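Here's the structure we're looking at; comments come further down.
Indexing begins at 1, ligand by ligand and atom by atom, following the structure's order. On a predicted model such as this, the values are computed, not experimentally measured, just so you know.
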Amino acid sequence: ISNHMPTAELQALDAAHHMHPFTDNAELAKTGVRIITGANGVTLTDSEGHKYLDAMSGLWCVNIGYGRKELADAAARQMLELPYYNTFFQTTHVPAIALSAKLAELAPRDLNHVFYAGSGSEANDTNIRLVRHYWAIKGQPEKNIIISRKNAYHGSTLGGGSLGGMSGMQTQGVPVIPGIHHIDQPDWWSEGGDMTPEAFGLERAKQLETAIHNLGADRVAAFIAEPVQGAGGVIEPPSTYWPEIQRICDEHGILLIADEVICGFGRTGHWFGSDYYGIRPHIMTIAKGLSSGYAPIGGSIVCDEIADTIANAGDFNHGYTYSGHPVACAVALENLRILQEEKIIENVHDTIAPYLAEKWESLADHPLIGEAKIVGMMGSIALTPHKESRAKFAADAGTVGVACRTRCFANGLVMRHVGDRMIIAPPLVITKAEIDTLIDRATKSLDQTYDLIKADGLY
Ligand SMILES: Cc1ncc(COP(=O)(O)O)c(CNc2cccc(C(=O)O)c2)c1O
C-alpha cells in the first residue's frame, strides 16, 4: 500500500479499516475520502495531483508551514540518539530539559514549569488534576469545580470533552464528569440580540461571577477558556470580556487556565493569546503550534505557585508514557528555533496579520456575509441571508457552510466551516501573494455558494 496505488483502491482500504474522527464514516465511504499525499509551504497535494491552499494549517497546527526539512532532520537525529525514554522514575533526557527551559523563557511571567502530554486533550485532563490537587494540598479539597463555556472546545478525552461545551459530544458516551460547570459563551453574533457587543461582553463575563456566587467561591477551583474560541467558530470575544473575566478571577481567588492549544505560538500575532489579551493565566494548555503538528506533543505550562506547591507535597500520581517524548521534544525545539530565528511571529504581527485582516474584513461586503472577524492569523466570517438581523438560513445549521466548504475544495482552497461560519487559520509563513490567492478563491467560492443557495430558495 503506497502513494502510487490507484486512489479508488486506497479509498476502499480506508473505508474498510479506518475509523475517522468526528466523521460520518458511511457517508465518507460513499463520497470517497480525499487522500493527501504531500505538502509544501501552505500547499497540500492529493493522490489525484490536485493542489489546495491550506488556509487551515492542517488542524490549526502547521504554524511554520509544510516541508521544513530541519524538523525531519531533528527527529531523525533524536531517533538515532535516543528514540524513547520516559521521564517517570527519577529519569529525564536532554530534549525534555531543553524544551522546558525554552518554554519557560517564552511563556509570560511566572509560567516556568511544564507538564507534558501527547495532545491538547490530555493536557486539559492534566489541568483538571493539577488544579484539584493544588487546592486539596492547600486544605480546600472541596474547591474542585471547574467552570468553562458552552461551545468551548477543550479536547475529546473524558476530561477535555467534559470541559468543552459542545452538546453534540456530550451525548456520545462523553458524560460531563462531576465538577464541571458551563456558562454561556461570548458569541455576540449568534447570541447578542440587540445588545451592543461591549454590553454583551460584560454580561457574559459577569455570568462567571454569578456562577461563582451560586456555587460558592470556596467550591470553584478554576475557570478555563480559550482566549479566542477556535473550533467553536473563531468567536472573538467583545473587548470588554477578558478584562472583566480577569477581574473576577482575581477578586474571587479562582485559578485561570488559558487554553492556548490554538492561540499559542504566534496564531494571534503574539507568542500566546494571553499576551494578545493581557490576561494572566496560572496555567496555559499547549499543543498544535508547539511542534507545528510535525510530531504529536501537548502540555501544560504551570505557574511557580502551583508547581512549587505540588512539588512539595510528595508524588503527583499522574502522567503518560509519552509525556515529554524525546523525538517530539526535539521536533518542538526545532520548530520554536525556526519561529524565533526567522522572526515569524514578529513578521506576522507587523506585516502579514495586518495585510490578511484588511483583505479578510473586506469580504464583509459580500452579500452572503454578516461579519468578518480576525485575530492575528485566525479569522471567521458569518454567513447570513440578512445582515442587519443576523438571521439564520431556512435550512439546518451548517447546510450553507458545507456547501461553501465543498466549493472551496473545488476551487483549490481548504477553508473550514463551523455551522454557517467559515473559518481560516493559515500557516504563519503565508505570503501576501498567497493571501491574495486565498481571498480570490474564497470570494469565488462564496459567489458560487450564493448562486447555489439562491437557486435553492435559501436566500
Ligand atoms: C482549544 C483546544 N484545546 C484542546 C484541544 C484538544 O487537542 P487535541 O486534539 O490535540 O487533543 C483542541 C483541539 N482542537 C481541534 C482538534 C480537532 C479538530 C478541531 C476542529 O476545529 O475541527 C479542533 C483545541 O482547539
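Protein heavy atom nearest atom 20 (C) of ligand 1, with residue, atom name and distance: Arg416 NH1, 2.9 Å. Protein heavy atom closest to atom 3 (N) of ligand 1, with residue, atom name and distance, is Asp259 OD2, 2.7 Å. For atom 23 (C) of ligand 1, the nearest non-hydrogen atom of the protein is Trp60 NE1, 3.6 Å. Of the protein's non-hydrogen atoms, Tyr153 O, 3.3 Å is the one closest to atom 2 (C) of ligand 1. In terms of protein heavy atoms, atom 8 (P) of ligand 1 is closest to Gly120 N, 3.5 Å. At the top of the distance list for atom 17 (C) of ligand 1, counting protein heavy atoms only, stands Leu59 CD1, 3.6 Å.
Counting heavy atoms under 4.0 Å from ligand 1, residue Asn124 touches it through the side chain alone.
In this structure, a donor-acceptor pair under 3.5 Å is absent between the side chains of Arg149 and Gln185. The closest side-chain donor-acceptor pair between Asn151 and Asp187, if any, does not fall under 3.5 angstrom. For the residue pair Asp259 / His154, a side-chain donor-acceptor distance below 3.5 Å is found, with atom types taken as modelled.
Looking at Arg421 and Glu371, a side-chain N of the basic residue comes within less than 4.0 Å of a carboxylate O on the acidic one, giving a salt bridge. Taking 4.0 Å as the cut-off between side-chain N and carboxylate O, Arg204 and Glu191 count as a salt-bridged pair. Salt-bridge formation is detected for the pair Arg68/Glu342: a Lys NZ or Arg NE/NH1/NH2 atom is positioned less than 4.0 Å from an Asp or Glu carboxylate oxygen. We find that Arg247 and Glu209 are joined by a salt bridge, their nearest charged nitrogen and carboxylate oxygen being less than 4.0 Å apart.
Considering each of Glu226, His417, His154, Lys288, the one bringing a non-hydrogen atom nearest atom 13 (C) of ligand 1 is Lys288.
Judged by the shortest distance from any of its heavy atoms, Thr285 lies outside the 4.0 Å radius around the atoms of ligand 1.
Of the N or O atoms in Glu122, none lie within a sub-3.5 Å distance of an N or O in ligand 1.
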